[in-house]
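Working notes, structure below.
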Amino acid sequence: MRDQRHDGTFPAGNLPLELDAFVGRAAELSELDDALRGARLVTVTGVGGVGKSRLAERAAARSAPRDGVWRVELAPVRDPEFVDYAVVEALGLTDHTTRTPRETLLAHLADREVLLLLDGIEHLVDACARLVTELLGRAPGLRVLAVGRRPLAVSGERLFPLAPLTGEEAVSLLTVRAAQQGVEIGGGDGAEVRELCRRLDGIPLAIELAAGRLGVLTPEQVLGRLDDRFRLLAGENRTALPRHRALRTAIGWSHELCTPGERLLWARLSVFAGRFDLEAAEYVCGGDGLPADEVLDVLSALLAQSVLTREETPAGVRYRMLGTVRAYGAEWLEATGDAARLRRRHRDWYVGLATWCELEWFSPRQSEVAARIEAELPNLRVALDHCLSDPDGAHLGQYLAGSLWFHWAGCGRLAEGRHWLEQAVRLDAERTAHEQSRLKALWVLAYVAILQGDTVCARATLEECHREAERAGNATALAYAVHRSGCLALITDDVAGAETLLRSALARYRETGELNSNVLMAQVELAMARAFQGDLADAVRLCEDVRRVCDDHGERWARAYALYVLAYAAWSDGDPGRARRLLTVCLGDAHGFRDLLGAVLSLELLALVTVTEGDAAEAAVLQGAAGRMWLAVGLQLFGSAHYNAPRELCEAAARDRLGDEAYEECLRRGARLGREEAVARALRRSEEPAALPGPRRPARPTRTPGT
């Protein structure tokens, strides 16, 4: 269980709660506590299964640094390039800028006191070493606790080699785990239990696997079977350390006790990275000796034997293998000669999942889709990597990277999306058969670049997409290219050009029958262009129409942007109460989707509403918080005079009421707020749950952004 602070609250961070008892290791835990107090980098090393992760999590939870303990699970990460992304993801950071993940981490950690727990570094040692060295050199409040079978071998590293459990601790662990299954180990079993733990060299994973069999076998029977398996494997590697042989023996023994179907599923499940659900397991692993309708029963058997663990996640029930167990299964899969086929099935499942999620994004299941993709990201990365490294699958990589546009743009994954999209468009896939996939990757890449503020990349990519779409006669891709060109014109203050392009895009969408969140966003962007030109009534009409369509389809992401425009209109029409109610919903939805751009735009406008309501100090605090958030978005308000108008109006009013010194102090207070704190503070000002006000009466002519 996570340790509480003295005030009864839990420290910040993402450490999981302990689900079963922590047994033994009192001396090691105390020593690791001391090591963490005396060094900024501590690496816990030891054989797989010796309990490194569990001990490190326990010690990390006891350290309670001011800004939290953040665990980064690196086992599912296969590409060294994604170590930085994994850390950004674990910290819950969203960055819409063109900064690299490394730069994002350095900016975030610069003034924080954080303990970073890097778990499973052994296959990524070089990348982890480079990252840790730079972070520790530039973030004075950072400490790192690394866990792996190998040290990082960098300056300042303090090694903490972890030995197996002592004899009594090993017996205690076996006894406790057996009791959790309703099996009491009697006094008459004492000699066999001690001998079993001795043969397993006190390795917790081996003991856990043995305990999983005590519901069926007696300790004496387990010991006898282990003896047979131990002799069988003893000749495999006589130079290996005994505890390495013991671990492999325990896993191999567990494997030996499985039925042929269980062994087959174990091997096939090794293609998954991180967690997976039952449907994925049935599709990927079913067939050819294991019917899909039998996968559930076989999976349940592996779960009962501790080969798999079951976890509740926001996306539903998921299953997971420990890295050591997965590696053993992967060896068997390679030996069967079926690995390539299973990887293709894995790829096909996740391409299909992305297709379904893209369609369902425009539906009442939008939040479910966001959670599903977030949960499946490790497997989607494996699928993307498989596609983009296979010459015959290049078009699938382009399609997959493009189909995830809603995740990259709507759920705070712009930097990662750009990584995959740039790789995808560089591939020279067959132009005739798969033109559509490459065109889609191009317009999505342009969209990501626009949101990051990279107008150079966006312009060049859109020109290529427009040219190739015309050459191929692809009306849908051409509509998207024209739409994104309108977005680019809008953020660069070419408002008249933006209106022309956006109207053209909407007409093209109608001709092709396209209706989705992108189409609605084009209408919202047209509304912004109309508002910037002084026609607020037309902007309201356009956004009320978007709102109606969104409500009909259960769409909330595009609706949030429509509410933003309607909120500005309400404020401009002298109704700050209505503006606040609209913005409360807008901010809540944008923040819920991790859409940093939508959230910070809402926060800026809430500051203007707040100063209008008479609280200049709070308005300045919100502006300070928004200013900090813009650092993760990119160029503040795109550098656009039109988008910047609400901020300038708010600043002028707040400075006038507070004076320069008090205004600047409030800004500084706001800049110290994290994103979660800032959003919670802004939403708390609404005393009642947010309810969407109905359509607004036509706006009277009044001041508009940029006029």
Side-chain angles (χ1 to χ4, degrees), residues 2-3 10-16 25 28-46 48 50-77 79-93 95 99-162 323 674:
R2 289 166 62 188
D3 293 347
F10 287 106
N14 67 344
L15 280 182
R25 299 291 196 194
E28 291 95 331
L29 190 57
S30 178
E31 292 171 13
L32 186 51
D33 287 344
D34 291 340
L36 285 170
R37 284 191 290 267
R40 294 183 62 210
L41 170 60
V42 179
T43 302
V44 180
T45 59
V50 79
K52 301 182 296 293
S53 298
R54 190 69 185 272
L55 180 71
E57 288 182 5
R58 185 74 169 182
R62 288 154 58 109
S63 68
R66 184 188 70 202
D67 297 304
V69 177
W70 300 88
R71 178 179 178 272
V72 185
E73 185 179 358
L74 292 172
V77 179
D79 187 341
E81 286 188 45
F82 273 90
V83 170
D84 290 20
Y85 287 99
V87 180
V88 167
E89 178 181 343
L91 287 167
L93 302 181
D95 195 322
R99 292 188 301 193
T100 65
R102 181 74 52 88
E103 291 167 339
T104 299
L105 289 171
L106 288 168
H108 177 76
L109 295 170
D111 58 352
R112 286 178 167 81
E113 292 181 10
V114 164
L115 176 62
L116 201 58
L117 173 54
L118 301 179
D119 193 0
I121 62 171
E122 55 270 355
H123 62 303
L124 300 162
V125 164
D126 291 341
C128 288
R130 290 191 295 270
L131 172 64
V132 166
T133 299
E134 186 168 2
L135 291 182
L136 288 174
R138 296 175 60 183
L142 174 67
R143 287 179 294 150
V144 176
L145 178 56
V147 179
R149 301 181 200 181
R150 300 165 54 194
L152 290 172
V154 299
S155 178
E157 181 181 31
R158 178 167 174 176
L159 295 182
F160 192 93
L162 185 62

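As a basis for the values below, the full set of heavy atoms in this structure was taken, side chains included, without hydrogen atoms, waters or symmetry mates. This is a predicted model, so every value here is computed, not measured.
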Between [X] and [Y], is any pair of side-chain heavy atoms under 4.5 Å apart?
{"X": "I121", "Y": "T43", "result": "yes"}
{"X": "L116", "Y": "L145", "result": "no"}
{"X": "V154", "Y": "L136", "result": "no"}
{"X": "V87", "Y": "P101", "result": "no"}
{"X": "R25", "Y": "L32", "result": "no"}
{"X": "L118", "Y": "L124", "result": "no"}
{"X": "L105", "Y": "L131", "result": "yes"}
{"X": "P80", "Y": "D126", "result": "no"}

With distance as the sole test, does [X] use its side chain to make a donor-acceptor pair with the main-chain N or O of [Y] at under 3.5 Å?
{"X": "D67", "Y": "E113", "value": "yes"}
{"X": "K52", "Y": "V147", "value": "no"}
{"X": "R71", "Y": "N14", "value": "no"}
{"X": "R150", "Y": "E122", "value": "yes"}
{"X": "T133", "Y": "R130", "value": "no"}

Which atom names give the shortest non-hydrogen contact between [X] and [Y], and what distance separates them?
{"X": "D111", "Y": "R66", "result": "O-NH2, 3.1 Å"}
{"X": "A107", "Y": "R99", "result": "CB-NH1, 3.6 Å"}
{"X": "T45", "Y": "P151", "result": "CG2-N, 4.0 Å"}
{"X": "P140", "Y": "A110", "result": "CD-O, 3.8 Å"}
{"X": "C128", "Y": "L74", "result": "SG-CD1, 3.6 Å"}
{"X": "A146", "Y": "L152", "result": "CB-CD1, 4.1 Å"}

Rounded at 0.5 Å granularity, tell me how far [atom1] in [X] sits from [atom2] in [Y].
{"X": "L29", "Y": "R54", "atom1": "CG", "atom2": "CZ", "result": "11.5 Å"}
{"X": "H123", "Y": "D79", "atom1": "NE2", "atom2": "CG", "result": "10.0 Å"}
{"X": "L135", "Y": "H108", "atom1": "CG", "atom2": "NE2", "result": "11.0 Å"}
{"X": "R62", "Y": "L36", "atom1": "CZ", "atom2": "CG", "result": "10.5 Å"}
{"X": "T104", "Y": "R102", "atom1": "OG1", "atom2": "CZ", "result": "11.0 Å"}

